[in-house]
There are 2 protein chains.
Amino acid sequence: MNFSKTTEYALRILSFMVIDEKRLYTAKDIFESLNIPFRYLRKLLIILSKSELIDSIQGKNGGYRISKNLNDISLMDIVRAVGEDPISNHCFFGFDNCAFEKKCAMHEKWDSVRKTITTVLSNTTLDEIKASGPHSFISNNSVLIKNV
Amino acid sequence: MNFSKTTEYALRILSFMVIDEKRLYTAKDIFESLNIPFRYLRKLLIILSKSELIDSIQGKNGGYRISKNLNDISLMDIVRAVGEDPISNHCFFGFDNCAFEKKCAMHEKWDSVRKTITTVLSNTTLDEIKASGPHSFISNNSVLIKNV
DNA sequence: CATTAATGATACCTTTAGGTGTTATTTAAA
DNA sequence: TTTAAATAACACCTAAAGGTATCATTAATG
Ligand code: SF4
Ligand code: SF4
């Protein structure tokens, strides 16, 4: 009942790149500011670039850059880009084949939870993340890394 | 962003046993009505009985029975009994050490999602599950099993 | 008191998510 | 045109969740 590490990483990466959305970031740049194992980060960057959320520039002086307007990238887009389908289970109990002629006590309640999460993720775009501040959380975390 | 299989199984087990809360169910009884691999189900029943949500009676004619009043067992209790801590990550991005002198755009939003889920799980008790019907979802699912 | 039908304990197997290592390719620039 | 600095591809390793197998223990009952 949490996002996978992979999804969290993807969300961190884009939220970090948003600090300067026109800048070309190398994997090394991102590694130095976020708490993500380097080679795994590399792998994720390839996935994200294939998903069209970021462009990749190969060769010397290459790197990655956000490829769309910030208000065209929602958190849902990011979550989906790495293959997670948030709250994919329609049924609270995980049943695939509930007939629900009579819905159980959890049906409506859980449906409402799912809608809430879906709405938050879909309605929050990267421009809102960017606007929300100096990203103290990221610099704090990078200090932790440098101490390791 | 879903419950683990284990948690779903636990929720199904208790929601099934609630149909007759005074009855002693054998693992076989439960297996025949729920879509849970038999040996894994056995393992979970042992965990649940250690967690005091159900009593186990050993020996011939033994089995399991709900051990408390239905309104004293919340869905949260069940989730916790199998070791899952729903939405344990306080931070949307999974950071352990965010200073948040200035909170990011997701902080309040995610906090609210977490509270919603926690509240639903804590406030729904087994008596409400019991009251919610003839459990058509379970019998439907057991038909599926019998066809396999 | 042996049998039988149930749970308990423990160890092992399988699949998947997360993470690492190595080599190939691309491209700017000396 | 060679070198260096970047990404791309692919294979492999590790840890955790999910699932299986075997044997031990308990207790009712003929
Ligand atoms: S009615 Fe209950 S069991 Fe059926 S799909 Fe809805 S939540 Fe699941
Ligand atoms: S402010 Fe943002 S980054 Fe910091 S703990 Fe809250 S959600 Fe996480």
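The chains referred to below are lettered A, B, ... by the order of the sequence lines, with proteins before strands, and numbering in each begins at 1.
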**Q** Over all heavy atoms of both residues, which pair between B:Leu126 and B:Leu14 is shortest? Give the atoms and the distance, please.
**A** CD1-CD1, 3.9 Å
**Q** If only side-chain N and O atoms of B:Tyr64 are considered, is one of them under 4.0 Å from the OP1 or OP2 phosphate oxygen of C:dG8?
**A** yes
**Q** Regarding B:Asn2 and A:Ser88, do their side chains bring together a donor and an acceptor under 3.5 Å, going by distance alone?
**A** yes
**Q** Hey, can you pull the residues of residues 49-62 of chain B with a non-hydrogen atom under 4.0 angstrom from DNA chain D?
**A**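 Correct list: B:Gln58, B:Gly59, B:Lys60, B:Asn61.
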**Q** Please determine if B:Arg12 forms a cation-pi arrangement with A:Phe95, meaning its NZ or CZ atom is less than 6.0 Å from the six-membered ring centre and no more than 45° off the ring axis.
**A**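 Yes; both conditions hold, so B:Arg12 lies above the ring face of A:Phe95.
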**Q** Reckon A:Thr26 has a side-chain N or O less than 4.0 Å from the OP1 or OP2 of D:dA6?
**A**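 The answer is no; no side-chain N or O of A:Thr26 sits under 4.0 Å from OP1 or OP2.
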**Q** Are a donor atom and an acceptor atom from the side chains of B:Tyr9 and B:Ser4 found within less than 3.5 Å of each other?
**A**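 Looking only at side-chain atoms, B:Ser4 and B:Tyr9 do not form any donor-acceptor pair under 3.5 Å.
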**Q** Identify all pairs in which a protein N or O lies below 3.5 Å from an N or O of nucleotides 20-24 of chain C, and state each distance.
**A**
from   : atom 1 : to      : atom 2 : distance (Å)
C:dT20 : O4     : A:Lys43 : NZ     : 3.2

**Q** Quick one: A:Ile46 CD1 to D:dA6 P, roughly how many Å, whole number?
**A** 15 Å
**Q** Specify the separation, in whole Å, of atom CD of A:Glu84 and atom C1' of C:dG18.
**A** 14 Å
**Q** Is it true that the side chains of B:Tyr64 and B:Thr26 contain a donor and an acceptor less than 3.5 Å apart?
**A** no
**Q** Does this structure show an ion pair linking B:Asp111 with B:Arg114, if we count only N-O contacts that are shorter than 4.0 Å?
**A** yes
**Q** What is the separation between atom CD on B:Glu8 and atom P on D:dG19, rounded to the nearest whole Å?
**A** 11 Å
**Q** Between side-chain atoms of residues 45-63 of chain B and protein atoms elsewhere (two or more places apart, or another chain), which donor-acceptor pairs fall under 3.5 Å?
**A**
from    : atom 1 : to      : atom 2 : distance (Å)
B:Ser49 : OG     : B:Leu45 : O      : 3.3
B:Ser49 : OG     : B:Ile46 : O      : 2.9
B:Ser51 : OG     : B:Leu48 : O      : 2.7

**Q** Do the ring planes of A:Phe16 and A:Tyr25 sit parallel (below 30°), tilted (30 to 60°) or perpendicular (above 60°)?
**A**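 Rings of A:Phe16 and A:Tyr25: tilted, as their planes differ by 30° to 60°.
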**Q** Between A:Tyr25 (OH) and D:dA6 (P), how many Å, whole number?
**A**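 Interatomic distance, OH of A:Tyr25 to P of D:dA6: 16 Å.
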**Q** CG of A:Leu24 versus C1' of C:dT26: gap in Å, rounded?
**A** 14 Å
**Q** In this structure, how many angstroms lie between the P atom of C:dG19 and the CG atom of A:Leu44, rounded?
**A** 9 Å
**Q** Rounded to whole angstroms, how far apart are CG on B:Leu41 and C1' on C:dA6?
**A**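 After rounding, the reported distance stands at 14 Å.
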**Q** Please state how far atom CG in A:Leu48 lies from atom P in D:dA8, giving the value in whole angstrom units.
**A**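 Going from CG in A:Leu48 over to P in D:dA8 covers 11 Å.
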**Q** In the structure I gave you, are the side-chain heavy atoms of B:Phe3 and A:Phe93 within less than 4.5 Å of one another anywhere?
**A** no
